[in-house]
Enquirer: 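Before anything else, here's the structure in question.
Just so you know, ligand 1 is whichever comes first in the structure, and atom 1 is the first atom listed for that ligand. Positions are given from 1 along the sequence.
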Amino acid sequence: MVLLFESVTLSIIAIFTAAFTGVYLYFTRNFNFWKKRGIPYLKPTPFVGNLKELVFQKIGIGHHLQKIYDEYKDVPYVGLFSFDQPSLLIRDLELVKNILVKDSQNFADRVITFNEVVDPLFGKTMFTLKGQRWRHIRVNLTPVFTSGKMKKMFYLVKKCAEELDDYLDRATANGSSVEVKEAMARFTTDVIASCAFGIDSNSLKNPDAEFRYHLRNVFGSSVMKEFSILMAFFPSSLPKLFRPKYVDNSTSDFIRRTVWSTVEYREKHGMDRKDFLDSMIELRNRGKHITQTDSPENGQKDSPKFKIDGDDFVAQAFAFLAAGFETSATTMSFALFELALQPRIQRRLRTEIAQVLRKHSGELTYDGMQEMSYLDMVVSEILRKYPVLPFLDRKCVRDYELPDPSGKRTVILPAGTGVYIPVMAIQHDPKYYPEPEKFDPERFTDEKKQSRPNYTYFPFGEGPRVCIGLRFGLMQVKAGLIQILSRYEVAPCKDTPVSITFDPRTFLLSAIGEIPLSFNRRRSEDTSG
Ligand code: HEM
């Protein structure tokens, strides 16, 4: 009996040892990849590669890549392991340019992958789509974002900015401070809901508005959500076992319902709001007569015919929401925080705003906003210091020859390898930006901009996959700041943090905790700045 027990125990141990050894060997099978090619690389840890601190959510992706960038000075690129897969961090600016722009056809896709069946909305957004499908959506939606279209939509943004004013009036009525993260999130929720979904989401008026609730659901941070994002940006062999999902079913259903009921209403009542949804409906209608066999997904590579419907349609409205609401809200919160700490800069900005508004009969107009050059410098410096998406990712889609600094070898980056561009690190490199932690809009005078090397500033990315909503993002950020600063002086209050501590769990830059600030209403006759 004892012998039988011992032999069963030994068999179990042997099976476990063999299974563990098999898994270990599988997960470490690529670990000689960079060594064999003579490329400097980070020593990986079995199972997690070089992502241990990310897996344990000790640091955010942008800061993790920044640490590696700072450690490996004087090399053009550094080999990494995303779990078991080789990937590359780019340091050299010429190579950054080649990957993002000059040789972008070799790096046409992002690494980030969400399975369309598991997560239909995130999986079909322009942000995650690949190859021809991305290209067709991008080409056809680009005209939706021209400056002419922005100008036409400006009245909607302005209306939300005026509602922000009412919100701040109520919030400060008894002398309370304002939590700017929440206030800015409500403002951009209302703007995007209005422009991309054609609805009045009422987030500024009602904290429990359904739209705001679902957005909190999508973008609220949780251990599983952030792990999903990590797995999507740094795919290993694992996603086949673990398939990341970011948007839950109830939120997907809410987004679908909202989009289709608005489309139906507009088609019935023939409305013309000149917003994103109008432009998208026009595209959908133009493509309705195209049969399935005509559609580009079925082989017609550069066909001008474009069919968009169903979840492909909803996903793009969702993309504007997903990519446009938090990025802009965070940028505005960081801007108000820095301006509160730097009253001199705030005063100068307010003077410019007052002068331009006076010139335009006190009206906030799209053209007037474009005249505010100091505002542009302030926002540029905010996005330099706080690039909301602090890294860019690209997938090498065909074998690519990397420059070899020694000139002795040919180094081929195989198709399928992920490459990462550490935006946060480059925008904080003292070689390009002395005293990088200092908030200094003077870095963005025309003269200073021209004196810096190219590819040292890309908060909206670069190349064919540059942010499609750049103009819209800047429009809502600037309109909101103008509305606030023309009426209020912002200042630190007793609970304002002395500096921003970044949330290590979120892939977009985000402050941990609240950012409360004092908002002191200026006398209406005082327009001197
Ligand atoms: C301050 C605001 C914003 C910032 C900082 C920002 C930043 C970025 C960045 C860094 C990228 C990646 C670019 C690359 O990989 O080269 C991106 C992509 C994208 N952004 Fe923005 N964004 C902002 C606002 C918006 C808005 C308002 C919208 C839509 C209304 C939007 C829609 C998109 C989309 C759809 C993509 C994917 C484009 C593609 O892959 O073709 N973004 N954004």
Side-chain angles (χ1 to χ4, degrees), residues 61-62 90 96-97 99-101 104 107-113 121-122 124-131 133-142 144-146 149-150 153 156-157 160 184-185 187-189 191-197 233 275-277 279-280 315-335 376 379-380 382-395 418-424 426-427 455 457-481 507-510:
I61 299 175
I90 311 298
V96 168
K97 176 180 89 184
I99 289 170
L100 293 179
V101 182
S104 58
F107 297 91
D109 293 341
R110 291 211 169 80
V111 178
I112 187 171
T113 305
L121 288 197
F122 224 53
K124 288 174 192 279
T125 62
M126 197 194 304
F127 198 85
T128 50
L129 277 181
K130 313 223 174 317
R133 285 183 69 201
W134 163 75
R135 216 171 114 72
H136 277 269
I137 297 266
R138 173 87 195 200
V139 166
N140 283 283
L141 291 191
T142 296
V144 174
F145 291 88
T146 58
K149 289 267 164 67
M150 295 304 110
M153 251 187 273
L156 293 169
V157 179
C160 296
M184 298 307 110
F187 167 63
T188 59
T189 303
V191 174
I192 303 267
S194 171
C195 296
F197 288 78
F233 271 120
D275 58 7
F276 288 134
L277 199 61
S279 306
M280 300 251 309
Q316 305 325 313
F318 174 71
F320 302 160
L321 180 68
F325 124 85
E326 208 187 353
T327 45
S328 302
T330 305
T331 303
M332 291 178 74
S333 307
F334 288 145
D376 195 61
V379 172
S380 299
I382 286 296
L383 286 165
R384 196 274 312 163
K385 190 171 172 192
Y386 305 99
V388 194
L389 183 56
F391 62 97
L392 303 174
D393 65 311
R394 294 289 187 272
K395 190 173 179 168
V419 297
Y420 298 90
I421 298 178
V423 178
M424 182 81 182
I426 295 175
Q427 294 188 178
Y455 298 93
Y457 181 72
F458 29 46
F460 290 99
E462 198 44 271
R465 292 207 79 140
V466 67
C467 174
I468 199 171
L470 182 157
R471 284 197 189 94
F472 186 81
L474 287 175
M475 173 169 76
Q476 64 174 339
V477 166
K478 288 181 178 178
L481 290 177
F507 75 103
L508 291 178
L509 279 194
S510 154

Enquirer: Would you check whether Trp134 has a nitrogen or oxygen atom less than 3.5 angstrom from a nitrogen or oxygen atom of ligand 1?
Expert: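 Between Trp134 and ligand 1 (N or O atoms, distance only) the closest approach is under 3.5 Å.
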Enquirer: Record the part of Glu462 in heavy-atom contact with ligand 1 below 4.0 Å; permitted values are side chain, backbone, both and neither.
Expert: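 Within the 4.0 Å criterion, Glu462 contacts ligand 1 through backbone atoms alone.
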Enquirer: Measure centre to centre between the rings of Phe320 and Phe145, then say whether the value is under 6.0 Å.
Expert: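 Centroid separation for Phe320 and Phe145: below 6.0 Å.
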Enquirer: Would you please name every residue forming a ring pair (Phe, Tyr, Trp, His ring centres under 6.0 Å) with Phe197, sequence neighbours left out?
Expert: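 Per chain and number, Phe197 pairs via ring pair (Phe, Tyr, Trp, His ring centres under 6.0 Å) with Phe211.
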Enquirer: List the residues meeting ring pair (Phe, Tyr, Trp, His ring centres under 6.0 Å) with Phe233, not counting sequence neighbours, and say none if there are none.
Expert: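 Listed in chain order: Phe391, Phe507.
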Enquirer: If you measure from each heavy atom of Phe458 to ligand 1, is any distance below 4.0 Å?
Expert: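 Phe458: no contact with ligand 1 (<4.0 Å).
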Enquirer: Cation-pi check, Arg110 to Trp134: give yes when NZ or CZ is under 6.0 Å from the six-membered ring centre and within 45° of the ring axis, no otherwise.
Expert: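 Judged by the rule, Arg110 and Trp134 form no cation-pi pair.
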Enquirer: Just checking, Arg384 and Tyr457: is the charged tip under 6.0 Å from the six-membered ring centre and within 45° of the axis?
Expert: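 Checked: cation-pi criterion not met.
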Enquirer: Would you say Arg110 touches ligand 1, if touching means a heavy atom closer than 4.0 Å?
Expert: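 A heavy atom of Arg110 does come that close to ligand 1.
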Enquirer: Less than 4.0 angstrom from a charged side-chain N to a carboxylate O is my criterion; do Asp376 and Lys478 meet it?
Expert: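 A salt bridge is present here (some side-chain N lies under 4.0 Å from a carboxylate O).
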Enquirer: Which protein N, O or S atoms does atom 21 (Fe) of ligand 1 have within a distance shorter than 2.8 Å?
Expert: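 Sorted hits: Cys467 SG.
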Enquirer: At a 4.0 Å threshold, what atoms of ligand 1 neighbour a non-hydrogen atom of Phe472?
Expert: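 Atoms satisfying the 4.0 Å criterion: 27 (C).
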Enquirer: Kindly write out the residues that satisfy ring pair (Phe, Tyr, Trp, His ring centres under 6.0 Å) with Phe334, not counting sequence neighbours, or none if the list is empty.
Expert: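 Per chain and number, Phe334 pairs via ring pair (Phe, Tyr, Trp, His ring centres under 6.0 Å) with Tyr386.
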Enquirer: Could you say whether the N/O atoms of Arg138 and ligand 1 ever approach to under 3.5 Å?
Expert: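 Looking only at distances, the answer is yes, because the N/O contact criterion of under 3.5 Å is met.
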Enquirer: Could you check atom 13 (C) of ligand 1 against the protein and tell me its nearest heavy-atom contact, residue, atom and distance included?
Expert: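 Here the closest protein heavy atom is Arg465 O, 3.2 Å.
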